[in-house]
Amino acid sequence: MPDTPPIYFCHGLPGCPRDASYFLNQPAVAPDLLAAMRMDMPVRAALAVQFDALGDSQTPVHLVGFSIGAMTALEIAAARPDRVAQVTLISAAAPLQLGDFLPEMAGRPVFQMAMRRGPGLRLMTAAQGLMLRLAPKALVKQLFNGVSALEQKQVAATGFDAMLKTGLRHAYQTNPQAYMRLLRHYVSDWTATLTQVQAPVTLWHGEADGWAPPAMAEALVGELRGGTTLHQVPQAGHYATLSHACAALERGMRQAG
């Protein structure tokens with residue numbers, strides 16, 4: 001048996017558990033993070049409850065967080081330090097309070113709407129859900145506006161478009177309330193979580209990331225206390241970095257086995 005901890009994959013937002021099977025050939029626990037968003041408890045507590053239910057309490061895990069899923073992974077690592085062997089953050093979306101990131105983020109309008117706390121986010125989410133039904137290609141084009149040409153080309157890759165739309169439906173149509181709650185948690189100030197993470201953290205970040213600017217990775221390295229390693233991926237965008245990092249994870253698991 002491989003001497004490596006099992007992977008617990010935290011998908012991005014929008015996103016869904018199926019993202020793990022598209023990018024990872026190795027088995028992984030891939031929870032439905034939106035299903036965890038119980039309204040009767042704080043976000044971190046709800047994520048920890050789901051984590052406790054899906055894992056073997058005697059086996060430390062390798063938390064992998066993609067995009068806003070990096071926040072989820074860090075919240076779990078802070079809440080359950082004894083159950084986390086290591087953390088890998090891929091194309092990580094850092095707390096907005098750590099820098100002037102918004103002007104460079106492709107998702108800036110959504111984050112700004114979430115920060116205003118009014119009805120705008122609900123209306124935008126409903127409109128995106130309707131657009132996904134009526135004009136899915138136009139919605140994807142709109143969402144990828146402002147990212148690199150290489151990133152846009154990946155949308156046309158075999159299976160990627162279907163995977164992406166599944167994640168969009170999961171957020172905008174199936175779980176809009178949970179999606180908005182987790183999004184609002186992201187734009188809130190969760191910087192204190194970073195100093196509570198004890199496990200070593202490895203970051204993979206593309207130098208051409210239009211969703212999470214590369215400065216976010218550098219900011220996270222400056223705040224995390226458990227020891228960090230940053231791998232910068234030349235010319236790679238948000239999803240290309242995910243492919244690159246998952247391939248590296250699989251090579252590491254094969255070598256360990």
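Note that the coordinates shown come from a computational prediction; the quantities given were computed from them, not determined experimentally. Count residues from 1 along the sequence.
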Fill in the blank from the handout: Besides L123, the hydrophobic cluster formed by Ile, Leu, Val, Met, Phe, Trp and Tyr side chains linked at under 4.5 Å, directly or via other members, contains none
Exercise for the section: Show your reasoning for whether side chain to side chain contact (heavy atoms under 4.5 Å, CB included) applies to M71 and L13. Expected result: CA-CA 11 Å; M71 174 192 69; L13 194 68; over 6 Å; no
Exercise for the section: Side-chain contact test, heavy atoms from C-beta onward, threshold under 4.5 Å: evaluate it for R169 versus L132 and give yes or no. Expected result: yes
Fill in the blank from the handout: All heavy atoms of H170 vs all of P17, minimum pair found to be NE2-CD, 4.3 Å
Practice task
Look up atom CG in D189 and atom CG in L98, then write down how far apart they are to the nearest 0.5 Å.
Solution key: 8.0 Å
Handout entry: Note, T88 side chain near I7 side chain (heavy atom, < 4.5 Å)
Key = no
Exercise for the section: Decide yes or no for K137 and K141: does some side-chain heavy atom of the first lie under 4.5 Å from some side-chain heavy atom of the second? Expected result: no
Problem - Nearest heavy-atom neighbours spanning H11 and P31 - result: CD2-O, 3.5 Å
Fill in the blank from the handout: Under a side-chain separation threshold of 4.5 Å, the hydrophobic residues clustered together with V49 are M41
Completion exercise
Residues passing the ring-ring contact (aromatic ring centres under 6.0 Å, His included) test with Y172, sequence neighbours excluded, are Y179
Fill in the blank from the handout: dist T125:OG1 -> M180:CE (nearest 0.5 Å) comes out at 5.0 Å
Exercise for the section: Indicate yes or no for a side-chain donor-acceptor contact from Q86 to the backbone of P200 under 3.5 Å, with no hydrogens or angles considered. Expected result: no
Exercise for the section: Would you please test H185 and R44 for side chain to side chain contact (heavy atoms under 4.5 Å, CB included) and show each step? Expected result: CA-CA 10 Å; H185 184 70; R44 181 194 287 191; 5.7 Å; no
Fill in the blank from the handout: Between the CZ atom in R83 and the CD1 atom in I76, the distance rounded to the nearest 0.5 Å is 9.5 Å
Exercise for the section: Could you check whether the rings of F160 and F144 sit parallel, tilted or perpendicular, using 30° and 60° as the cut-offs? Expected result: perpendicular
Handout entry: Closest non-hydrogen atom pair, V140 against K165
Key = CG2-CE, 4.2 Å
Exercise for the section: Taking the side chain as every heavy atom from C-beta outward, state whether R80 and D52 have any pair of such atoms under 4.5 Å apart. Expected result: yes
Problem - Spatial distance of atom CD (Q232) from atom CD (E218) [nearest 0.5 Å] - result: 6.0 Å
Practice task
State, yes or no, whether a side-chain contact exists between L63 and V61 at a heavy-atom distance under 4.5 Å.
Solution key: yes
Problem - Heavy-atom pair of closest approach, residues A85 and A199 - result: O-CB, 4.1 Å
Problem - Point-to-point distance, once rounded to the nearest 0.5 Å, from CE of M37 to CZ of R181 - result: 6.0 Å
Exercise for the section: Give a yes or no on this: more than 12 heavy atoms of other residues, nucleotides or ligands lie within 6.0 Å of atom CZ of R184. Expected result: yes
Problem - Whether F23 and F66 hold their rings parallel, tilted or perpendicular, with breakpoints at 30° and 60° - result: tilted
Problem - Contact summary for G69 and C10, nearest pair of heavy atoms - result: O-CB, 3.5 Å
Practice task
Check whether any side-chain heavy atom of V197 sits under 4.5 Å from a side-chain heavy atom of V84, and report yes or no.
Solution key: no
Handout entry: Pairwise side-chain contact, D209 with M216, heavy-atom cut-off 4.5 Å (strictly under)
Key = no
Handout entry: Side chain proximity check, L220 to P95, heavy atoms < 4.5 angstrom
Key = yes
Practice task
Would you check if the side chain of E104 reaches a backbone N or O of A212 as a donor-acceptor pair within less than 3.5 Å?
Solution key: no
Fill in the blank from the handout: Between the NE2 atom in H205 and the CG atom in L230, the distance rounded to the nearest 0.5 Å is 8.5 Å
Exercise for the section: State yes or no: are the ring centers of W211 and F101 separated by less than 6.0 Å? Expected result: no
Exercise for the section: Could you tell me which non-hydrogen atom of A93 sits nearest to which non-hydrogen atom of A70, and how far apart they are? Expected result: N-CB, 4.3 Å
